[in-house]
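Comments concern the structure below.
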Amino acid sequence: MPGYERRVHDLALARLEEEPLLLLQGPRTVGKTYLLHQLAEARGGEVIDLDDSPTRDAVRTDAATLVSGSGPIFIDEYQHEPAVLAAVKAELNNDLRPGRFVLAGSTRSTAVPEVAEYLAGRVSFLAVLPLSQGEIEGARENFVETLMLGEPRSLVTNKRSETSRVEYARRITTGGMPIALARNEPARRRWFDEYVELVLERGVMEVSKLRQRRQLPALLRHLASQTGQLLNITVTAEAAVLDRHTAADYLELLESVFLVRQLPAWGRTLGARTTGTPKVHLVDSGLAARLLRLTPEHLARRDATALSEFGHLMETFVVGELIKQASWLDGIAGLHHWRTYDGEEVDLLIERDDGCVVAIEVKSGTRVPGEDLRGLERLRDLAGAGFIGGVALYTGERSYAVGDRLFVVPIDRLWKPTR
């Protein structure tokens, strides 16, 4: 978006030097169209906008002619006319040079069957997510990169955090949606309300015709109330007045339009009795806060209810920031949470391609007592040499080591470069 330097821009240009087809996917209004036009300008290509009705009509009439030619072609909101993918496939059958096509869409590719049918083995996926805190601040984050390079100790510095609880609450409730960021608080709340209505009306209905569409807002609000927690689909179904199978199907639809994400449980048991239940997170903490009608002032309070809400939203905020940073890196095999039936847990586990892992636990308090590190300690002991390091992120001031490959670090180190 204008005014923000997106990390994904340079990554996309690099991919175009290697891949014939790049597919940008992410929530509506996060800047995919702007990025697409930037890439088209850099590579001397044209943009075909399928959000435009006359253009869609032209694609229906003669998609093959529109996507033919040697120059790079950029197609926005391809999911409006997935039949265009057949024409793209025909072009790639004849010419697999790098940088031929860039597609952008606001629907997850797994919800568009034609992607697998026509583009399997030809497409490289790139996530375009809400702005990270570093992108908002104009800083180049390297927190996840530092961990992936096996250098967690370098996160410990003498510099104290100066970020207050009030400031964390403001960042959580603001989120990273570019248009929302540009507005004052009342206008931002209206925008979030209109955004949800737009995505539920247009995005979900494009993916599937629903039998009980009126239950979608209630389902989304309930998922917001459970953000940062283990998914209980039975309770979720009851809250939205849906049967269990319908609720599960509708949850997949909400994932397909990038309102919700499920964080899967790590599949390697390492000899421990682990749960396979995913955690649920809203894709943007600001959106979650608005669905729950939570303001920065409310989250900054010290009563029991506000403390609990602050903790869950903080986890979603931090996990979201970490996922954004991970999306810019190669060599990552997966993102998971880890939890045993005995209650030991790690909020986010990032696995490298070589099977080694880093673990992050999110704490909303200003202290991290020893018992809060048990999940990290247990995972370290089970993973052995494959455990790169564990970090407990908290709202306190200091960073310090607490034992073998375990560290406590202020949350704002996520967007404050370590080198």
Side-chain angles (χ1 to χ4, degrees), residues 1 3-4 27-30 129-137 161-200 216-229 236 239-240 254 258-261 279-324 347 362-366 393-397 410-412 414-415:
M1 297 291 284
Y4 298 107
R28 290 178 183 268
T29 74
V30 295
L129 300 172
L131 289 163
S132 72
Q133 295 301 301
E135 288 173 325
I136 295 168
E137 296 288 314
S161 169
E162 297 180 354
T163 304
S164 67
R165 180 185 178 85
V166 171
E167 174 63 10
Y168 280 124
R170 184 194 69 78
R171 289 179 182 270
I172 288 170
T173 55
T174 300
M177 304 297 280
I179 296 176
L181 282 163
R183 302 189 171 208
N184 60 29
E185 187 66 27
R188 186 179 302 123
R189 294 169 189 165
R190 291 195 303 272
W191 184 86
F192 276 127
D193 293 342
E194 293 162 0
Y195 179 80
V196 169
E197 184 175 354
L198 169 68
V199 176
L200 294 184
L216 271 177
L219 176 63
L220 183 59
R221 284 193 298 271
H222 178 76
L223 291 169
S225 74
Q226 300 301 303
T227 194
Q229 302 175 57
T236 298
L254 294 176
F258 298 97
L259 288 174
V260 174
R261 65 163 60 97
K279 273 190 170 185
V280 64
H281 288 279
L282 270 287
V283 168
D284 183 74
S285 64
L287 175 62
R290 179 54 188 161
L291 285 166
L292 298 173
R293 300 302 189 256
L294 298 177
T295 64
E297 296 76 17
H298 176 91
L299 285 182
R301 284 165 25 190
R302 302 284 180 170
D303 61 80
T305 299
L307 289 171
S308 176
E309 292 164 336
F310 182 76
H312 293 310
L313 282 173
M314 177 63 87
E315 182 176 336
T316 284
F317 170 77
V318 170
V319 167
E321 292 300 305
L322 293 165
I323 289 174
K324 293 167 194 175
D347 293 325
V362 184
K363 299 299 178 185
S364 58
T366 57
L393 289 165
Y394 78 136
T395 59
E397 297 180 351
I411 288 170
D412 62 8
L414 288 171
W415 58 91

**Under-4.0 Å salt bridge between Asp193 and Arg188** = no

**Asked** Are Val283 and Pro130 close enough that some pair of their side-chain heavy atoms sits under 4.5 Å apart?
**Response** yes

**Fill in**
Here the pair of heavy atoms bringing Ala300 nearest to Ala169 is N-CB, 4.3 Å

**Prompt:** Counting N and O atoms only, with roles assigned by atom type, does the side chain of Tyr195 sit under 3.5 Å from a partner on the main chain of Arg190, one being a donor and the other an acceptor?
**Reply:** no

**Asked** Between Ala224 and Ala288, what is the shortest heavy-atom contact and its length?
**Response** CB-O, 4.2 Å

**Request:** Identify the two heavy atoms, one from Phe192 and one from Ala180, that lie closest to each other, and give their separation to 0.1 Å.
**Result:** CZ-CB, 4.0 Å

**Message:** Tell me whether Glu167 is salt-bridged to Arg171, with the criterion being a basic N under 4.0 Å from an acidic carboxylate O.
**Reply:** yes

**Prompt:** Is there side-chain contact between Met177 and Val30, with at least one heavy-atom pair below 4.5 Å?
**Reply:** yes

**Message:** With a 4.5 Å cut-off on side-chain heavy atoms, are Leu299 and Glu309 touching?
**Reply:** yes

**Message:** With side-chain contact (heavy atoms from CB on, under 4.5 Å) as the criterion, how do Glu315 and Gln229 come out once you've worked through the C-alpha distance, each side chain's angles and the decisive distance to 0.1 Å?
**Reply:** CA-CA 9 Å; Glu315 182 176 336; Gln229 302 175 57; over 6 Å; no

**Message:** Main chain of Gln133, side chain of Glu321: is a donor-acceptor contact present, judged purely on distance under 3.5 Å?
**Reply:** yes

**Item:** Within-4.5 Å side-chain heavy-atom neighbours: Leu254 and Leu220
**Value:** yes

**Prompt:** Could you state the interatomic distance from CZ (Arg290) to CZ (Arg221), rounded to the nearest 0.5 Å?
**Reply:** 11.5 Å

**Request:** Working to the nearest 0.5 Å, report the span between CG of Leu198 and OG1 of Thr29.
**Result:** 8.5 Å

**Request:** Run through Leu287, Leu223, Asp284, Leu291 and flag the one making a side-chain contact (heavy atoms from CB on, under 4.5 Å) with Leu259.
**Result:** Leu287

**Prompt:** So how far is it from Tyr168 OH to Thr163 OG1, rounded to the nearest 0.5 Å?
**Reply:** 4.5 Å

**Request:** Before accepting this row, confirm whether a basic side-chain N of the pair Arg189/Glu185 lies closer than 4.0 Å to the acidic partner's carboxylate O.
**Result:** yes

**Item:** Side-chain donor or acceptor of Arg261 paired with backbone N/O of Phe258 under 3.5 Å
**Value:** no

**Request:** For Val199 and Arg28, run side-chain contact (heavy atoms from CB on, under 4.5 Å): C-alpha distance rounded to whole Å, both residues' side-chain angles, the deciding distance at 0.1 Å, then the answer.
**Result:** CA-CA 8 Å; Val199 176; Arg28 290 178 183 268; 3.9 Å; yes

**Asked** Which heavy atom in Trp191 sits nearest to a heavy atom in Ile179, and how many Å separate them?
**Response** NE1-CG2, 3.3 Å

**Request:** Before giving the answer on side-chain contact (heavy atoms from CB on, under 4.5 Å), spell out for Ser364 and Leu307 the whole-Å C-alpha distance, their side-chain angles and the decisive distance to 0.1 Å.
**Result:** CA-CA 8 Å; Ser364 58; Leu307 289 171; over 6 Å; no

**pair Pro186-Asn184: side-chain heavy atoms closer than 4.5 Å** = yes

**Prompt:** Are the side chains of Ile172 and Phe310 in touch, meaning some heavy atoms are under 4.5 Å apart?
**Reply:** yes

**Message:** Rounded at 0.5 Å granularity, tell me how far OG1 in Thr227 sits from NE2 in His222.
**Reply:** 11.5 Å

**Asked** Would you find a donor on one side and an acceptor on the other, under 3.5 Å apart, between the side chain of Thr173 and the backbone of Ala289?
**Response** no

**Nearest-0.5 Å distance that lies between atom OG in Ser161 and atom OH in Tyr394** = 8.0 Å

**Asked** So does Glu135 pair up with Lys324, basic N to acidic O under 4.0 Å?
**Response** no

**Asked** Are any of the side-chain heavy atoms of Phe317 and Thr174 separated by less than 4.5 Å?
**Response** no

**Message:** So does Pro296 get a backbone contact from the side chain of Arg170, meaning a donor-acceptor N/O pair under 3.5 Å?
**Reply:** no

**Item:** Euclidean distance, His281 NE2 relative to Gln226 CD, rounded to 0.5 Å
**Value:** 12.0 Å

**Prompt:** Below 4.5 Å, heavy atoms only, C-beta onward: do Thr395 and Lys363 meet side chain to side chain?
**Reply:** no

